[in-house]
Each structure stands twice: as structure tokens, then as C-alpha cells.
Amino acid sequence: MPELPEVEVVRRGLVTAVAGRTVSDVQVLHTRPVRRHPGGPEDFAQSLVGRTFAEPKRRGKYLWLPFADGDALLAHLGMSGQFRLDGQEQPLPPHCRVMFGFTDGGPQLRFADQRMFGGLAISPGGADAPAELAHIALDLLDPELDLSVLAARIRTRSSGIKRVLLNQEIVSGIGNIYADESLWLAKLHYDTPADRLSRAKVIELLQAAHQVMTAALAAGGTSFDSLYVNVNGSSGYFERSLNAYGREGLPCLRCGRPMVREPFMNRSSFRCPSCQRSPRRDAVRG
DNA sequence: ACTATATCCTGTATGC
DNA sequence: TGCATACAGGATATAG
């Protein structure tokens, strides 16, 4: 599942793949991935012809590919989205949804997406800061992020801390995997009310999230090739380096107690029942 | 404004 | 073998 580190790996791949290249033709093979483009699939394809890409940008899990004319191609990988750079003669990747050809006759840019939670749209005037992303908060790797301001904001919420971490309007880029990893590092239960955490604890948690995503990014550079992110979790990084996610029944790498999996927001949360205790439940159980 | 849940999607794994 | 169900989960619409 692409979260911030995986999306950044894709962004870096796209820099060399598209910057300076001019679109010659676009084919929309499935309309769903362009559902957020206001003009519809035909307009999407037509309006891109003749545009020249600049350097791709990212905020949280969103990508945007600016054009020299000031507009941008906005992209989200969702659960299973991939950008591929393939020669025209190469067979289409599975679940290929949109193809971009270039005037230089070089490799095509192909957007594949099995589950189609991802999508593409044109953002008018969005080269510097797409208006569509106004509600998306800065991510932890953004140099403009103010950790103090973020910590204070988090501590105003009564929701469980994991809900807050996953809320892209508060801090962006964190998904289910890195949320669990960060909470494990900070020894926090996912349902701890955010407004019951000390400022120091919130800072510790955010630093843990920063650390785990930075490490993942470093590993991602080696275990993914330039334009392919394995969304099914079989990459080396996920197998080797996760401390919490997916470790149901396996010993906690700190204390040895078996890790547990619990339903959470239509997905799962993994935690150590000993290192990451619930204040709410402890209060009830006594 | 804040909080919580349902929904979209399809391939894989599992149970009967 | 076939059918049904659970699961993976990011973002958003909707309800409270």
C-alpha cells in the first residue's frame, strides 16, 4: 500500500521519466481512474496533448506533475496505482488504465491500477500548489512543517491517536502500516485519545513516524526499481523491517509477548498487548 | 467544527 | 470443484 515513502520513490522515478517531455497522445482505457477530472475522459485525454512536463512534486500521498504552462496532472496511487515507463512495443502491464505517449517517440508513461482507488485529473493552475490539495496537510518530510504547531493541533483532538495520524487534513502521508509502526515505536495504543497525550509524547510519536518513513524511503530506493512499487507487500523492506504491521501472533520485538490484531476502521491494527496498553480499557477493567 | 462510519474496487486467501 | 465470505485500505460522502 503506497504511503509517503513509496509515493516518494515513485516521484523520484518520474523526475527522470517525464521531466522535459511533451505529450503526443493519451489513451484512457478505463474511465474510473479519471473520475475526478471535471471534464470527463475525452477532455482529459485531449487537453493533455502538446503539454510539456516539468519536475513532479509530492505532498503526503498525492503526486502532481506540473506542466510548463502552469497547469498540472494530479495523481493519487490509491491502494494499487503504479506508474510504469514502458517502450511502445512492450505489452501492457496488468490493469493498465491510462497511457501517455510522447513526441520524442520514447517510452510511454502508463498508469496501472488494479483496485482503482487511485486516480488522475488535470489541475488548472496547479503547477505550484494544486487547489485540490488545499485541504491536505503538510507531511513530516516537508521542510516547511512546524512540529510544534502540529503537535499542538493533534492535542486538541479527542479521537484515538491512530485516527488522528491517519487524518490527512492534520498530517499527511501516514497510512495504516506506518501508523502502526509509529505507535509501536512510541509504545502507544491506537485508541488513546489524542488530547490525553503529553506534548512530549506527541513529539516522540511524530519523530518515530518521521524515523520509520525515512528508513523506509532509504530501503525503498534499493528494493523497488525506479517506477514500480510492489503494492502487494512482497518487497524486501516490508518483509524485513516491520515491527508491528502484519505480525499477529509473532513475538513483540521488544518484550516477546505475542502481537495482536484488532479490527479498526474497516481494517486492522497490530499492537503489542503489553507495550501498547489502552488507557480507556485499563480504566474500565481496573 | 468535530467525530465516526459506509462506500468504492478487485484479486487473493480461506471456509464449507 | 464451486460458491461464499473475509480481507487488503485511501479518500470522501454522509450522518450524527
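Computed from heavy atoms alone, side chains included, the values below leave out hydrogens, waters and symmetry copies.
Under 4.0 angstrom from either OP1 or OP2 of B:dA4 there lies at least one side-chain N or O belonging to A:S159. Here A:S158 reaches the OP1 or OP2 of B:dT3: one of its side-chain N or O atoms lies under 4.0 Å away. The side chain of A:R32 places no N or O atom within less than 4.0 Å of a non-bridging phosphate oxygen (OP1 or OP2) of B:dC8. Within the structure, a side-chain polar atom (N or O) of A:R163 is placed less than 4.0 Å from OP1 or OP2 of B:dT5. Residue A:S268 has a polar side-chain atom (N or O) positioned under 4.0 Å from OP1 or OP2 of C:dA8. Distances shorter than 4.0 Å separate none of the side-chain N or O atoms of A:N266 from OP1 or OP2 on C:dG9.
Rounded to whole Å, atom P of B:dC2 lies 13 Å from atom CG of A:D195. Rounding to whole angstrom units, CG of residue A:D191 and P of B:dT3 are separated by 13 Å. Across the protein-nucleic acid pair, A:Q114 atom CD and B:dT10 atom P stand 9 Å apart, rounded to whole Å. The distance from atom CD of A:E3 to atom P of C:dA8 is 14 Å, rounded to the nearest whole Å. Rounded to a whole Å, the CG atom of A:D113 is 11 Å from the C1' atom of C:dG10. In this structure, the CD1 atom of A:I170 is 14 Å from the C1' atom of B:dA4, given to the nearest Å. C:dG10 atom C1' lies 13 Å from atom OH of A:Y245, rounded to whole Å. Straight-line distance from the CZ atom of A:F117 to the P atom of B:dG11: 13 Å, rounded to whole Å.
In this structure, A:E132 contributes its side chain and A:L74 its backbone to no donor-acceptor pair below 3.5 Å. Within the 3.5 Å criterion, the main-chain N or O of A:Y245 finds a donor-acceptor partner in the side chain of A:E181.
By the side chain to side chain contact (heavy atoms under 4.5 Å, CB included) test, A:T214 is found to be paired with A:L141, A:H210, residues two or more places apart in sequence or in another chain being considered. For A:F117, the ring pair (Phe, Tyr, Trp, His ring centres under 6.0 Å) test picks out no residue, with sequence neighbours left out. Under the side chain to side chain contact (heavy atoms under 4.5 Å, CB included) criterion, A:S172 pairs with A:R59, A:I136, A:D139, A:Q168, sequence neighbours left out. A search for side chain to side chain contact (heavy atoms under 4.5 Å, CB included) contacts involving A:R21 returns A:L85, A:F102, A:D104, A:P107, not counting sequence neighbours. Under the rule for a side chain to side chain contact (heavy atoms under 4.5 Å, CB included), the partners of A:R163 that lie at least two apart in sequence or sit in another chain are A:S159, A:F264, A:M265. Scanning for salt bridge (Lys or Arg N to Asp or Glu O under 4.0 Å) contacts around A:K201 gives A:E204, with sequence neighbours left out. Judged as a ring pair (Phe, Tyr, Trp, His ring centres under 6.0 Å), and not counting sequence neighbours, the contacts of A:F111 are A:F83.
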Reading 5' to 3' through nucleotides 11-16 of chain C, protein heavy-atom contacts under 4.0 Å coded B for base, S for sugar-phosphate only, - for none: BS----

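Looking at heavy-atom distances under 4.0 Å, A:R35 makes no contact with the nucleic acid at all.
Pairs passing the side-chain hydrogen bond (donor to acceptor under 3.5 Å, both in side chains) check and including a residue from residues 26-41 of chain A, sequence neighbours excluded, read A:H37-A:D43. Applying the side-chain hydrogen bond (donor to acceptor under 3.5 Å, both in side chains) rule to pairs touching residues 69-79 of chain A yields A:R51-A:D69, A:R51-A:D71, sequence neighbours excluded.
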Detail all sub-3.5 Å separations between protein N/O atoms and N/O atoms belonging to nucleotides 4-6 of chain C.
none

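Comparing the axis of the opening five pairs of the helix from B:dC2-C:dG16 to B:dC16-C:dG2 with that of the closing five pairs yields an angle of 50°, rounded to 10°.
How far CZ of A:F270 is from CG of A:L183: 13.5 Å, rounded to the nearest 0.5 Å.
With DNA chain B read from its 5' end, the first of the two nearest nucleotides for A:M116 and A:R153 is the one closest to A:R153.
Which of B:dT5, B:dG11, C:dA8 sits closest to the side chain of A:M265 comes down to B:dT5.
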